[in-house]
Structures are given as C-alpha cells and as structure tokens.
Amino acid sequence: MRQPLVAGNWKMHGSRAENASLVSGLLDLLQPGKRAEILLCPPFPYLMETGRLLKDSGVALGAQSVCAESQGAFTGEVSAAMLKDVGCRYVLVGHSERRQLFGERDALVARKFVAAQGQALVPVLCVGETLEEREGDQTTSVVSRQLEAVLAVTGVQALARAVIAYEPVWAIGTGRTASPEQAQEVHALLRGRLAAAGAADVRLLYGGSVKAANAASLFGMPDVDGGLVGGASLDAREF
Ligand code: 13P
C-alpha cells in the first residue's frame, strides 16, 4: 500500500512573516486522520524556523537541493548532514530548474541522491522532459535516461527508499498541466521499470501546474501517488 504524498516546493519564495502565515493557515486546514503525507520544502534559510512551526503537526520538512559532497571547502553549498541536523526528512534532487538553470547533469544528480541517503534523508528524484523533447517523441527516452542514471549508481534497493517525481518541464509554472492520461502514461512507464527491478512500491508524484482544480483527477490515476506542487503550495487553501 503506497501512502499518498503531497509535497510543496516553495522554490525561492517567502519571508519569515509570509511563511509563518502560510504554515499557520495550512495547519488550520489540515484534517486529522487524512491518509496523505504532507511535505513542505522551504528555501534553506527558513528550514529551521519552518521545522519549528511544523513541530508535532505530522507535516514533514524537506530541502530543495543538497550538495553531493559531505563537507569541506564548498562555498555556498549545504550538506546532507546539515539538512538532517535541522530536521529535514526529505530532499529534492534533480529538479528541472537545477538541471536547466544550474547545469546539474545526471551524474551529479546521482551523487546528490547518494549523499542524501547517506544521511538517511529520502531523496525525491525529479525527472521530466522539455516541450521540445516531448514534441520530438523523446519523453520515454529522456525520463528513462534520468532514472537509469541514478539506478546505475545506487542500485534498486536504494531507489526503493526514495520517491520519484515526474515533472514535465513544459508544465512547470506554465499553467499548462499534463492531462491525467499523459501523467499516467509516464508513471506507468516508470512503475514498469521499477517493478521489473523489484521496486514496484516506490511512490511516484506528478508535478507541473498542480492546483486544487486538477489535483483530484491527476491523483486519481492508478500510478500517481500524489503531487509535487510549486506555485499552488504558496496558498494554504489551494494547497
Ligand atoms: P508549479 O506547480 O508552479 O508548476 O511547479 C511545479 C514544480 O516545479 C514543483 O517542483
């Protein structure tokens, strides 16, 4: 039984005051006993304070990225041990914005994945194709390549302890979400690959313009186990 997971990726948004009001709005709306796990991923400087605001709420804390190195002279970087130390349970790796804007390639993403698990953090491995790749019929090959790059380094046992998020780049922040059928098609492909390797129970999230109005139809698909939500996660009611 895969427990649904709904994660909010705040990206580079927020302030101490805004975060406090967002979290208190969310906690007011949370209904005890609902079966989905909730995860919030604020920017680094706000992790500790958000963790304090979430204390005893059952909502998990995660970071948006992590350094592949464990410690040392890596100016501007944040290690997995530090994330663990401030209360994170999860960390995103390979988000398309990291890949596209900060040059993170498959090999580095795999190393970050390993670094995260080395500190018992659960990596949320993001994969997804660009519009050009989709239109060139490359969705399957791109998503498979991104998954295999990690599998080859970590092995399937490690992947079984992670979460995978399918985020088509053309659907991120564009208001143009994948249809439930498009999401399911890629999720089924990922599920098939994982099942063949013996890790059928990995949770697969969909991300890309998820909001209240489309969440139910996306999350209702058989291989969609929840969502990774960007913009809509900044509004408590919408999230
Ligand atoms: P949006 O929900 O704003 O499209 O962002 C999705 C995303 O990138 C989450 O990681």
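All residue numbers in this chain count up from 1 along the given sequence. Quick caveat: nothing in here was measured; it's all calculated off a predicted structure.
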Identify the two heavy atoms, one from [X] and one from [Y], that lie closest to each other, and give their separation to 0.1 Å.
X	Y	result
V127	V143	CG2-CG1, 3.9 Å
A63	C41	O-SG, 4.1 Å
A178	A171	N-CB, 4.1 Å
G94	R99	O-NE, 2.8 Å
I164	L159	CD1-CD2, 4.2 Å

Review point. Side chain to side chain contact (heavy atoms under 4.5 Å, CB included) between Q182 and T139: does it pass, once the steps are laid out?
Key: CA-CA 11 Å; Q182 284 174 320; T139 300; over 6 Å; no
Practice item. Answer with yes or no whether the side chains of E133 and T130 bring together a donor and an acceptor at under 3.5 Å. Key: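 The answer is yes; a qualifying pair exists.
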Honestly curious: do [X] and [Y] fall in one hydrophobic cluster under the side-chain, below-4.5 Å linking rule?
X	Y	result
V156	L204	yes
V202	V122	no
M221	V163	no
L205	F113	no
L234	L27	yes

Practice item. Run through E129, R134, Q100 and flag the one making a side-chain contact (heavy atoms from CB on, under 4.5 Å) with V169. Key: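 The single option meeting the side-chain contact (heavy atoms from CB on, under 4.5 Å) with V169 is Q100.
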**Study point:** Shared-cluster residues of V142, by chain and number - hydrophobic side chains joined below 4.5 Å
**Key:**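 For V142, no cluster forms, as it stays isolated from other hydrophobic side chains.
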Point to revise | side chain to side chain donor-acceptor pair (under 3.5 Å) evaluation trace for Q64 with H95 | key: CA-CA 8 Å; Q64 298 173 15; H95 191 280; over 6 Å; no
Tell me, do [X] and [Y] make a side-chain contact under 4.5 Å, heavy atoms counted?
X	Y	value
L83	V66	yes
E37	Y90	yes
E167	L92	no

Exercise for review: Determine the interplanar angle of the H187 and Y166 rings, folded into 0 to 90°, and report it as parallel if under 30°, tilted if 30 to 60°, perpendicular if over 60°.
Suggested key: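 H187 vs Y166 ring planes: perpendicular.
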Review point. Could you state the interatomic distance from CD (Q146) to CG (D106), rounded to the nearest 0.5 Å?
Key: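 Answer for the CD-CG pair, Q146 versus D106, is 6.0 Å.
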Review point. Rounded to the nearest 0.5 Å, how far apart are SG of C126 and CG of L228?
Key: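 Going from SG on C126 over to CG on L228, the span is 5.5 Å.
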